[in-house]
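Just so we're clear, the structure is a prediction, and the values are computed from it rather than from any experiment. Letters A, B, ... mirror the listed sequences (proteins, then strands); counts begin at 1.
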Amino acid sequence: MIYKTPYEGKKIEIEGDVCIIGSGAAGGVCAKRLQSAGLKVIVVEEGPYIQPHEFSDDPLTAFKMLYRNCGMQFAQGKPFFPVLTGKCIGGTTTINSAICVRPPEGMLIRWSREFLIPTLSPDSIYPHVEMVEKEIKVTPVDMSVAGNNNLFVKRGIERLGWRGGPILRNAPECQGCGVCIFGCPIGAKLSTDLTYIPEASSMGAHIFPLMRAEEFIFEGTTVKGVRGKILSNDGEETGNFEVRARVVILAAGTPISPILLLNNGIKSPVIGKNLTVHPASGVLAIFKEEVKVWEGVPQGYYCDEFIGDGILIETSAVDPAVIFASISGFRKENERYLKSINRIALAGAMVYDPPSGYVKPKKGIEPQIIYYLKEETFKRLLKAMEATAKIMFSAGAEMVKPLFTAAPFFSDIEKFKEFLRNAKIVDIEMEGNHPMGTLRMGVSPEISAVDPSGRVYGVKELYVVDASVFPSALGVNPMLTIMAIASRLSQEIVKEFQ
Amino acid sequence: MKRRDFLKISFILPIYGCAKTEKEEIPSYLLCAEAIAEALFPPGRPFNVDVKKTDFIKRMEKTLKIMPSNESSLMKVGLTIIEYMPRYFSFHFKRLSELSIEDRRKYLLGWEESAISLKRIAFKGIKQIICLVYGSLPEVKKEIAFAYPCGSYGRTIWEE
């Protein structure tokens with residue numbers, strides 16, 4: 001059952017076999033797997049339960065409804081950039097672009113051999129990848145609804161003879177509305193709130209929205225449950241809850257899961273450290289033809305020509321209000337750019353990054369995210385921008401602008417490259433929406449927070465199954481891998497009950 | 001932080017303090033946001049939208065209310081500082097919102113392309129929020145013929 005809010009009464013006490021904190025990519029999959037294994041599953045989720053008919057196409061409304069901190073969660077350091085995560089039933093799967101990329105075999109081999117984690121080997125993970133792909137109906141983008149942004153980038157990639165193709169997504173009935181990041185209003189995106197959570201619920205799992213887990217219930221070093229606050233739709237505390245469970249599973253996401261451990265006195269030199277985010281930036285391009293970047297599939301085409309260098313190029317789309325921030329300004333040419341809003345295309349790349357940051361408690365369970373972009377990662381981003389610019393020029397773009405503060409549009413690639421040579425890290429306009437690694441998995445408590453089964457070192461009956469357990473950055477969009485790992489680790493958790 | 005940056009910033013807090021003592025119907029930070037929006041998007045250049053004739057200020061006020069409190073406070077302080085700095089630190093001797101659009105554009109260019117990285121970053125953050133609010137205006141959406149393929153749907157915070 002997915003409980004309706006607001007709850008009656010100021011105190012709720014429940015008992016089950018398993019308490020899962022978080023209902024996103026990891027929490028949702030875990031809930032279904034464990035409920036179908038016959039366990040009594042309780043899921044507590046800090047955010048609200050918002051259904052497709054309640055979504056809105058207004059950006060600020062969607063940020064308030066579905067995003068942590070109203071879409072204003074930032075990494076501090078150099079540069080300053082947003083880390084967008086969801087806070088609702090379905091977590092970040094409700095607000096992402098539905099991109100499903102298989103974990104690269106090379107990365108799984110590295111994790112199993114170099115980091116000595118057999119549960120993350122290709123043989124261990126790929127069967128779960130295939131299971132998840134079937135469950136969320138992963139299919140390539142239908143290019144007939146992809147929109148001009150994707151079609152023009154496709155044209156550019158093909159003219160260059162570079163490797164690429166339609167992105168695989170968990171949105172088989174996508175109509176190209178272009179509003180994925182505001183929640184899919186037609187339910188075409190098969191996010192966790194439309195798949196694993198209701199499926200777990202229909203098998204008997206108890207799903208509680210608007211419950212913020214704060215405190216573990218300990219008996220010695222054994223976790224016996226979770227306590228926290230009941231919230232209103234506006235985030236006000238209205239009561240308390242207590243869940244007693246044999247096993248507690250953390251699936252609150254990379255920024256939050258380590259905060260819960262630290263706030264509960266679970267200490268380790270690695271908890272909260274080793275943050276990676278897949279820094280992403282790109283280029284805007286002005287074409288002669290109409291693009292209307294907000295129409296069609298927001299991220300529908302990819303180029304993996306440079307994947308060996310840790311660069312994955314993908315189309316991107318944003319609300320015009322976001323493009324205004326990049327192209328408006330106080331020079332004469334900014335007027336020209338604004339006039340071309342209907343002819344602007346956007347593409348970018350995410351790059352592999354080494355551990356470059358950490359999280360620490362700020363206030364309650366809110367994290368302070370610190371990240372310093374390393375020089376090698378910055379150079380990789382610049383290379384990615386150059387490659388994306390070449391794609392745009394090859395596709396017929398008149399002018400291309402790199403996403404740096406106050407950067408102009410350039411009409412030829414050489415001037416574009418010249419700009420990049422002098423570009424400063426603080427001025428890059430980037431995002432880091434794939435936080436990973438803050439509770440990395442490994443075989444030793446000196447260098448990892450959880451063991452190869454996902455069990456937190458030094459604590460009994462407490463598991464972590466979200467992207468925080470990744471031993472390193474993945475190099476590709478992580479949703480499918482998160483789900484597969486959660487599915488695999490669920491097998492380990494079931495063993496506790498056998 | 002360099003010493004000269006610290007010295008410059010240490011002048012700014014007293015300015016903010018002075019600004020807070022002035023009695024106003026519309027808070028100075030909202031006037032400043034509208035002034036920046038008008039400078040970024042002057043009527044007819046290129047959009048035929050006069051920010052002053054829209055409900056931009058109401059929307060900006062709403063946005064600052066729904067933002068997390070830390071970020072909202074920083075925005076208000078930043079906007080107030082930008083509003084009053086031309087009066088005390090330039091030969092304009094006027095608040096930003098009292099300057100002509102052209103003078104505002106020249107002044108704000110100094111913030112956007114400042115040699116001080118903290119100033120550039122602060123202004124970038126303020127500009128992004130202002131652009132989000134400006135882009136939400138129905139007049140702007142009509143001007144650029146913007147609509148998502150599935151049409152407009154759902155209640156918005158502007159209706160609350």
Among B:S117, B:S152, B:A145, single out the residue with the greatest number of heavy-atom pairs under 4.5 Å to chain A. B:S152
Can you find a side-chain donor-acceptor pair between A:S281 and A:E429 that sits under 3.5 Å? no
Just by distance, with hydrogens left out, do A:D58 and A:S56 show a side-chain donor and acceptor under 3.5 Å apart? no
Is A:N69 in contact with chain B via its backbone, its side chain, both, or neither, using a 4.5 Å heavy-atom distance? both
Answer yes if the side chains of A:N149 and A:T315 hold a donor-acceptor pair under 3.5 Å, and no otherwise. no
Identify whether the distance between the nearest side-chain nitrogen and carboxylate oxygen of A:E366 and A:R68 falls below 4.0 Å. yes
Just so I understand: if I count every heavy-atom pair under 4.5 Å between each of B:K141, B:E113, B:R104, B:E71 and chain A, which residue has the most? B:E113
Considering only heavy atoms from C-beta outward, does the side chain of B:I130 approach that of B:L79 to under 4.5 Å? yes
Whatever's closer than 4.5 Å to a heavy atom in chain B on A:D234 counts as neither
Determine the option with the most heavy-atom pairs under 4.5 angstrom with chain A, choosing from B:R45, B:K106, B:E112. B:R45
Under a 4.0 Å threshold between the charged nitrogen and the carboxylate oxygen, would A:R343 count as salt-bridged to A:E289? no
Sub-4.5 Å side-chain heavy-atom contact between B:L64 and B:M75: yes
Relative to B:W158, does B:R59 satisfy both conditions: NZ or CZ under 6.0 angstrom from the six-membered ring centre, and within 45 degrees of the ring's axis? yes
Measure distances from A:L338 to the heavy atoms of chain B and classify the residue's part below 4.5 Å as side chain, backbone, both or neither. both
A:E54, part contacting chain B, at a heavy-atom distance under 4.5 Å: neither
With only heavy atoms counted, which part of A:E295 is less than 4.5 Å from chain B, the side chain, the backbone, both or neither? both
Please rank B:L137, B:V133, B:L132 by heavy-atom pairs under 4.5 Å with chain A and give me the top one. B:L132
With a 4.5 Å cut-off on heavy-atom pairs, point out which of A:C70, A:G147, A:P320 contacts chain B the most. A:P320
Ranked by heavy-atom pairs below 4.5 Å to chain A, first place among B:F41, B:F146, B:F123 goes to B:F146
So which of A:G178, A:G71, A:P185 has the biggest tally of heavy-atom pairs under 4.5 Å with chain B? A:P185
Charged N to carboxylate O under 4.0 angstrom, A:R212 versus A:E237? yes
Under 4.5 Å from any heavy atom of chain B - which part of A:N334: neither
With a 4.5 angstrom heavy-atom cut-off, could you sort out which part of B:I121 is near chain A: side chain, backbone, both or neither? side chain
Which bit of A:R336 comes within less than 4.5 Å of chain B, counting heavy atoms only: side chain, backbone, both or neither? neither
Cut-off 4.5 Å, heavy atoms of chain B, and the answer for A:K339 is both
Any side-chain donor-acceptor pair under 3.5 Å between B:T156 and B:E159? yes
